[in-house]
Visitor: 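Got a structure for you, written out below as structure tokens; questions coming shortly.
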Amino acid sequence: MYCDKDNVNTLTALLIAHGVRHAVVCPGSRNAPIVHNLDVCPEIQCYPITDERSAAFYALGLCQATEEPVVVCVTSGTALLNTLPAVAEAMYQHLPLVVVSADRPKQWIGQLTGQTMPQPGALTCFVKRTVDLPEPHNDEEHWYCNRLVNEALIAATQPCQGPVHINVPITEPLYSFNTRELPSERMIAFNSLLAAHDGGKEACVSANAITAVAHDLLQQLAKAERPLIVIGQMKPSDLAKGRIPALTDKHYVVWNEALSGEDGTTALEEMLAMAGGNKDFLPNFILYIGDTLVSKRAKQLLRQAQDAICWEVNADGTVHDPMMNLHGIVQARPDDVLAAITTEGPREWFDRWETLRWKAEDHRRSFVPRYSNLLAVQLLEERLSHTAEGYALHYANSTSVRLGCLYAREHVYCNRGINGIEGSLSTAAGFSLATDDPVYCVIGDLSFFYDQNALWNTNLRQNLRILLLNNSGGEIFAKFDGLRQSPARSMVMGVHATTAEGICRENDIMYCHAHNEEELYNLLGALVSPKAERPMLLEVFTNAEDDLRAYQEYFNTLL
């Protein structure tokens with residue numbers, strides 16, 4: 001019988017799954033549920049050692065002899081600190097020492113209670129990963145607990161091995177051992193090119209090495225009835241030109257946005273709006289590469305596919321699990337793995353999505369927005385599509401980048417890693433210093449005025465062009481019906497009556513403004529002109545409610 005602590009049972013099951021076969025255990029009351037579980041596991045051999053410092057070195061010796069991960073389990077309080085000398089040695093020897101510490105509940109830390117101290121982070125300088133497990137009370141907390149244990153054990157055992165710290169808060173009672181079996185826990189597999197091929201992080205690796213390390217992924221992809229390849233934000237150089245068309249030529253459904261490494265819009269948001277909650281559009285296999293997606297609809301649909309097999313490919317082996325259903329990671333260059341896909345995708349599934357894409361593209365071509373920030377972006381992108389010269393395009397966060405994802409026909413730069421509104425203008429201005437091509441920054445009013453000091457310096461060049469979408473506040477908040485009932489709505493939206501004219505005059509930036517469709521159309525010609533002798537800003541004044549209606553009309557007329 002095992003203990004009745006969810007986090008301890010999850011930990012125990014995953015220690016076994018990740019190959020832990022030896023544990024050095026120290027006495028204590030708080031860690032008793034963990035010690036009990038380790039002792040009754042037939043897969044794990046336990047070795048009792050009273051002195052924690054010595055116990056950690058015993059575990060270090062077992063790591064050296066077995067070249068496998070070994071647990072040292074200690075109770076709460078200063079017991080953890082006594083493992084530090086061995087942990088430091090394990091770091092420099094690259095040994096997978098797994099320190100498991102029991103802890104008091106967080107609410108009692110610093111409350112004059114015995115054997116309590118801040119344990120998470122106590123070994124931070126000397127471990128590859130520290131995790132502090134929750135005591136789960138619902139499915140999401142259980143998923144989080146599972147993910148944290150997987151992350152720690154992957155960090156310990158991946159090719160560049162090292163010590164990790166898993167802290168386990170345990171609430172009383174401590175001595176209930178009434179669970180018959182350990183739970184069936186999801187183990188996140190980890191396959192590394194570093195292990196399969198010497199020098200795996202070099203620019204060029206053999207196709208055989210890629211196929212070997214991604215064998216399981218490629219086999220499951222080939223057998224899937226509804227496979228989906230998702231490409232999040234990437235640098236333009238991360239994917240070979242033509243990689244995505246090559247995949248679609250093989251009849252694979254690919255989701256990517258303008259922030260992905262491939263040029264061109266893919267109508268992702270429109271396709272998802274048409275698919276709605278139809279289960280016929282749920283994948284049963286997901287390959288995720290790249291970083292974040294802008295589309296909230298995409299994230300929601302991916303999380304509905306709980307029966308899908310999910311793999312991620314990234315070069316650093318990091319665990320990302322936005323679908324809450326990750327099965328495995330391949331540590332390799334994503335483009336190399338995509339190039340290794342030689343099989344054909346299922347035609348019926350592909351055609352299902354292609355039908356939506358054709359409808360979305362027809363709609364984009366035929367839809368004429370009312371005067372709004374949507375129209376401004378549409379017209380800018382049309383002008384740029386007829387421009388022979390090279391250029392770079394930056395979109396600020398919030399509404400701006402969402403509009404860009406609808407109309408952009410080229411790669412879009414965006415500070416989407418954290419998704420803050422600060423710094424978008426400064427980033428575009430910095431980019432413009434390293435190129436002679438025009439650099440366009442499409443930005444909303446709050447983002448612009450927050451970052452106006454980007455223009456307060458002597459570095460600006462004439463190739464910087466700014467399209468400022470000014471609707472006197474944060475339009476993205478206008479869509480929330482519940483907020484309409486609040487007297488603080490205008491404060492939440494950041495309502496203002498500021499313009500950029502004075503800022504431009506003070507910083508020698510060419511300024512023009514549009515208040516209607518005719519002015520907008522005429523002035524966009526000046527914005528994209530290659531003959532500008534100074535940085536230029538076009539401020540487009542719109543109404544937030546009209547902007548919201550235009551965006552809603554775009555999607556409401558899709559069906």
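In what follows, residues are counted from 1 in the order of the sequence shown.
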Visitor: At what distance, to the nearest 0.5 angstrom, does CG of L218 lie from CD of Q220?
Guide: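 These two atoms lie 9.5 Å from each other.
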
Visitor: Near F177 CZ, under 6.0 Å, is it more than 12 heavy atoms from other residues, nucleotides or ligands?
Guide: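 Correct, the count exceeds 12.
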
Visitor: Do V100 and L11 come within less than 4.5 Å of each other through their side chains, counting heavy atoms only?
Guide: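 Yes, close enough: below the 4.5 Å cut-off.
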
Visitor: Kindly give the heavy-atom pair with the smallest separation between A224 and N284, and that separation in Å.
Guide: CB-OD1, 3.7 Å

Visitor: Around atom CD of Q300, are there more than 12 heavy atoms of other residues, nucleotides or ligands at under 6.0 Å?
Guide: yes

Visitor: We want to know whether H137 and D6 form a side-chain donor-acceptor pair, criterion being a heavy-atom distance below 3.5 angstrom.
Guide: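 No - no donor-acceptor pair under 3.5 Å links their side chains.
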
Visitor: For L14 and M187, what are the C-alpha separation, side-chain angles and deciding distance, and is it a side-chain contact (heavy atoms from CB on, under 4.5 Å)?
Guide: CA-CA 7 Å; L14 287 173; M187 175 193 170; 4.3 Å; yes

Visitor: Does N278, at its CG atom, have more than 12 non-hydrogen atoms belonging to other residues, nucleotides or ligands within less than 6.0 Å?
Guide: yes

Visitor: One pair to check against salt bridge (charged side-chain N to carboxylate O under 4.0 Å, His left out): R352 and D280. What are the steps and the verdict?
Guide: CA-CA 9 Å; R352 195 176 303 169; D280 291 340; 5.1 Å; no

Visitor: Hey, does the Lys NZ or Arg CZ of R297 hover above the aromatic six-ring of F555, less than 6.0 Å from the centre and inside 45° of the axis?
Guide: yes

Visitor: Determine whether the side chains of T171 and E135 contain a donor N or O and an acceptor N or O closer than 3.5 Å.
Guide: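 Short answer, yes.
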
Visitor: Under 30°, 30 to 60°, or over 60°: which ring-plane class applies to W353 and W255, parallel, tilted or perpendicular?
Guide: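 W353 vs W255 ring planes: perpendicular.
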
Visitor: Have D316 and T318 got a donor and an acceptor in their side chains that come within less than 3.5 Å?
Guide: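 Yes, a side-chain donor-acceptor pair sits under 3.5 Å.
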
Visitor: Quick check against the 3.5 Å criterion: does R129 have a side-chain atom that pairs as donor or acceptor with the backbone of A156?
Guide: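 A pair under 3.5 Å: no.
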
Visitor: Does one side chain, of T10 or E185, offer a donor that lies under 3.5 Å from an acceptor on the other?
Guide: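 Yes, a side-chain donor-acceptor pair sits under 3.5 Å.
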
Visitor: Do other residues, nucleotides or ligands put more than 12 heavy atoms under 6.0 Å from the CD atom of E67?
Guide: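 Not more than 12 within 6.0 Å, no.
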
Visitor: Examine the side chains of S295 and E269 and answer whether a donor and an acceptor come within less than 3.5 Å of each other.
Guide: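 Side-chain D/A pair, S295 to E269: present.
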
Visitor: To the nearest 0.5 Å, how far apart are CZ in F281 and CD in Q304?
Guide: 13.0 Å

Visitor: Just how far is it from atom CD of Q93 to atom CD of Q64, taken to the nearest 0.5 Å?
Guide: 4.5 Å

Visitor: If only side-chain N and O atoms count, and only distance matters, is there a donor-acceptor pair under 3.5 Å linking N397 with N415?
Guide: no

Visitor: What's the separation between atom OG in S260 and atom CD1 in I231, rounded to the nearest 0.5 Å?
Guide: 6.0 Å

Visitor: Could you walk me through whether I44 and V71 pass side-chain contact (heavy atoms from CB on, under 4.5 Å), step by step?
Guide: CA-CA 10 Å; I44 297 177; V71 164; over 6 Å; no

Visitor: How close do A340 and T211 get, counting heavy atoms only, and between which atoms?
Guide: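 Shortest heavy-atom contact: CB-OG1, 4.4 Å.
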
Visitor: Would you sort out whether V313 and L217 count as a side-chain contact (heavy atoms from CB on, under 4.5 Å), showing the intermediate values?
Guide: CA-CA 10 Å; V313 178; L217 183 160; 3.7 Å; yes

Visitor: Kindly check if the number of other-residue, nucleotide or ligand heavy atoms within 6.0 Å of CD (E225) is above 12?
Guide: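 Atom CD in E225 is not packed in, count stays at 12 or less.
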
Visitor: Under 6.0 Å from the NZ atom of K299, do we count more than 12 heavy atoms belonging to anything else shown?
Guide: yes

Visitor: From L268 CG over to L356 CG, what is the distance, rounded to the nearest 0.5 angstrom?
Guide: 11.0 Å

Visitor: Taking atom types as modelled, is there a side-chain donor on S447 or Y395 under 3.5 Å from an acceptor on the other?
Guide: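 Judged by distance alone, the side chains do not pair up.
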
Visitor: Any chance you could lay out the salt bridge (charged side-chain N to carboxylate O under 4.0 Å, His left out) test for R30 and E172, step after step, and finish with the verdict?
Guide: CA-CA 9 Å; R30 190 61 49 167; E172 295 182 7; 3.2 Å; yes

Visitor: Just checking W108: does its CH2 atom have more than 12 heavy atoms from other residues, nucleotides or ligands closer to it than 6.0 angstrom?
Guide: no

Visitor: For L60 and F57: C-alpha separation, side-chain torsions, deciding distance, then whether side-chain contact (heavy atoms from CB on, under 4.5 Å) applies.
Guide: CA-CA 5 Å; L60 186 78; F57 278 108; 3.8 Å; yes

Visitor: Between T50 and P27, which heavy-atom pair has the shortest distance, and what is it?
Guide: CA-CD, 3.7 Å

Visitor: Does CZ in F350 sit with more than 12 non-hydrogen atoms of other residues, nucleotides or ligands closer than 6.0 Å?
Guide: yes

Visitor: Do I286 and N325 come close enough that some side-chain heavy atom pair is under 4.5 Å?
Guide: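 No. Closest side-chain heavy atoms not under 4.5 Å.
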
Visitor: Where is the tightest heavy-atom contact between T75 and S29, given as atom of each residue plus distance?
Guide: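 Looking at all heavy atoms of both residues, the closest pair is OG1-N, 3.9 Å.
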
Visitor: Rounded to the nearest 0.5 Å, what's the gap from CG on L259 to CG on D291? Could you check?
Guide: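 Separation between the atoms: 10.0 Å.
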
Visitor: I need the minimum non-hydrogen distance between T83 and E52, along with the two atoms involved.
Guide: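 Closest heavy-atom pair between T83 and E52: CG2-O, 4.3 Å.
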
Visitor: Can you give me the closest heavy-atom contact between Q158 and Q161, atom names plus distance?
Guide: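 What the structure gives for the nearest pair is O-CG, 3.1 Å.
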
Visitor: H394 vs Y413 aromatic rings, parallel, tilted or perpendicular, using cut-offs 30° and 60°?
Guide: parallel

Visitor: Consider only side-chain N and O atoms of N167 and S101, and report whether a donor and an acceptor are under 3.5 Å apart.
Guide: yes

